[in-house]
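Some notes on the structure that comes next.
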Amino acid sequence: MQPFTASVIDVIREIPFGKVCSYGDVADLAGNPRAARQVVRVLHTYGEAENLPWWRVVNSRGTLSMKPGCGYEEQRDRLEAEGIEFDAKGRINLHEYGWSDEEHHG
DNA sequence: CGTGTGACGCGGG
DNA sequence: CCCCGCGCCACAC
């Protein structure tokens with residue numbers, strides 16, 4: 001496994017229960033703010049094998065990128081099971097549920 | 001080494 | 001705010 005891939009996996013494992021993190025933020029914390037798409041690739045390749053909490057990764061809009069019938073409902077179900085709420089538009093309040101390493105500094 | 005991938009992010013209309 | 005188009009980048013082949 002490549003170093004960056006390992007870092008991404010590490011970051012995803014750090015996302016706490018009841019919180020979410022955007023693909024871009026995961027990439028940023030892993031060392032490459034421009035490698036958001038890489039996070040997608042890592043989830044595809046190692047999400048299941050590494051038992052990653054893939055459902056805690058959402059897009060920067062606070063919505064789920066997965067489509068209905070293709071994982072959307074499972075992700076939403078898992079997030080709601082952690083107490084995360086969706087509004088009528090299917091969006092998550094990132095100011096309330098978003099997680100970032102920077103929060104540990106203040 | 002070149003080409004394709006992919007659950008993205010941002011800017012403009 | 002929503003929708004569309006383009007750029008982005010590590011990895012697999």
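Numbered from 1 within each chain, the chains take letters A, B, ... in sequence-line order.
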(request) Taking only the side-chain nitrogens and oxygens of Ser22(A), find out if one of them lies under 4.0 Å from OP1 or OP2 of dC8(B). (result) no

Please output the side-chain donor-acceptor pairs of residues 68-75 of chain A that fall under 3.5 Å, not counting sequence neighbours, one pair per line with the distance.
unit_1   : atom_1 : unit_2   : atom_2 : d
Tyr72(A) : OH     : Arg76(A) : NH1    : 3.2
Glu74(A) : OE2    : Arg78(A) : NE     : 3.3
Gln75(A) : NE2    : Trp55(A) : O      : 3.1
Gln75(A) : NE2    : Val57(A) : O      : 3.0

(message) Closest approach to the side chain of Tyr46(A), judged atom by atom: which nucleotide of dA7(B), dA12(C), dA10(C) is it?
(response) dA12(C)

(request) Take atom P in dC9(C) and the same atom in dG11(B), then report the distance between them in whole Å. (result) 15 Å

(request) Check Ser7(A) against Ala30(A) and note the closest heavy-atom contact, atom names and distance. (result) CB-O, 3.8 Å

(request) Could you tell me the separation between the CD atom of Gln38(A) and the P atom of dG9(B), rounded to a whole number of Å? (result) 14 Å

(message) Distance check needed: dC9(C) C1' versus Phe4(A) CZ, whole Å only.
(response) 9 Å

(message) Give me the atom names and distance for the closest heavy-atom approach of Phe4(A) to Ala35(A).
(response) CZ-CB, 3.8 Å

At a cut-off of 3.5 Å, list every protein nitrogen or oxygen paired with a nitrogen or oxygen from nucleotides 1-4 of chain B, distance to 0.1 Å.
none

(message) Rounded to whole Å, please give me the gap between CE in Met66(A) and P in dG6(B).
(response) 13 Å

(request) Give a yes/no answer on whether the side chain of Ser60(A) brings an N or O atom under 4.0 Å of OP1 or OP2 in dC8(B). (result) no

(message) Please determine whether a side-chain nitrogen of the Lys or Arg among Glu50(A) and Arg13(A) lies less than 4.0 Å from a carboxylate oxygen of the Asp or Glu.
(response) yes

(request) Using a 4.5 Å cut-off on heavy atoms from C-beta on, say whether the side chain of Glu14(A) contacts that of Trp99(A). (result) yes

(message) For a quick test of reading the model: is some side-chain N or O of Asn59(A) closer than 4.0 Å to OP1 or OP2 of dA7(B)?
(response) no

(request) Given side-chain hydrogen bond (donor to acceptor under 3.5 Å, both in side chains), test Ser22(A) with Asp25(A) step by step and report yes or no. (result) CA-CA 5 Å; Ser22(A) 72; Asp25(A) 284 340; 3.3 Å; yes

(message) Quick check for you: among dA7(B), dC9(C), dC10(B), whose closest atom lies nearest to any side-chain atom of Leu43(A)?
(response) dA7(B)

(message) Rounded to whole Å, how long is the line connecting atom NZ of Lys67(A) with atom P of dG6(B)?
(response) 12 Å

(request) Could you check if a side-chain atom of Met66(A) sits within less than 4.5 angstrom of a side-chain atom of Trp54(A), using non-hydrogen atoms only? (result) yes

(request) Determine, using the 4.5 Å side-chain heavy-atom cutoff (strictly less than), whether Phe17(A) and Leu79(A) are members of one ILVMFWY cluster. (result) no

(request) Rounded to the nearest angstrom, tell me the gap between atom CG in Asn32(A) and atom C1' in dC11(C). (result) 13 Å

(message) Return whichever of Pro3(A) or Lys89(A) has its heavy-atom-nearest nucleotide of DNA chain C closer to the 5' end.
(response) Lys89(A)

(request) Figure out the CG/C1' separation between Asp25(A) and dA7(B), and round it to whole Å. (result) 15 Å

(message) Does any part of the side chain of Asp10(A), heavy atoms only, come nearer than 4.5 Å to the side chain of Leu29(A), both counted from C-beta?
(response) no

(request) Choose from dG9(B), dA7(B), dC1(C) the nucleotide whose nearest atom is closest to any side-chain atom of His44(A). (result) dA7(B)

(request) Please determine, for the side chain of Arg91(A), which listed nucleotide (dC1(C), dG9(B), dA7(B)) has the closest atom? (result) dC1(C)

(request) Verify, without hydrogens or angle tests, whether Asp28(A) (side chain) and Gly31(A) (backbone) share a donor-acceptor contact under 3.5 angstrom. (result) no

Review item, nucleotides 3-7 of chain C N/O atoms under 3.5 Å of protein N/O:
unit_1 : atom_1 : unit_2   : atom_2 : d
dG7(C) : O6     : Arg37(A) : NH1    : 3.2

(request) Calculate the interatomic distance between Leu94(A) atom CG and dC8(B) atom C1'; express it in whole Å. (result) 14 Å

(request) Could you check Arg34(A) against Thr45(A) and say which one's nearest nucleotide on DNA chain C is further toward the 5' end? (result) Arg34(A)

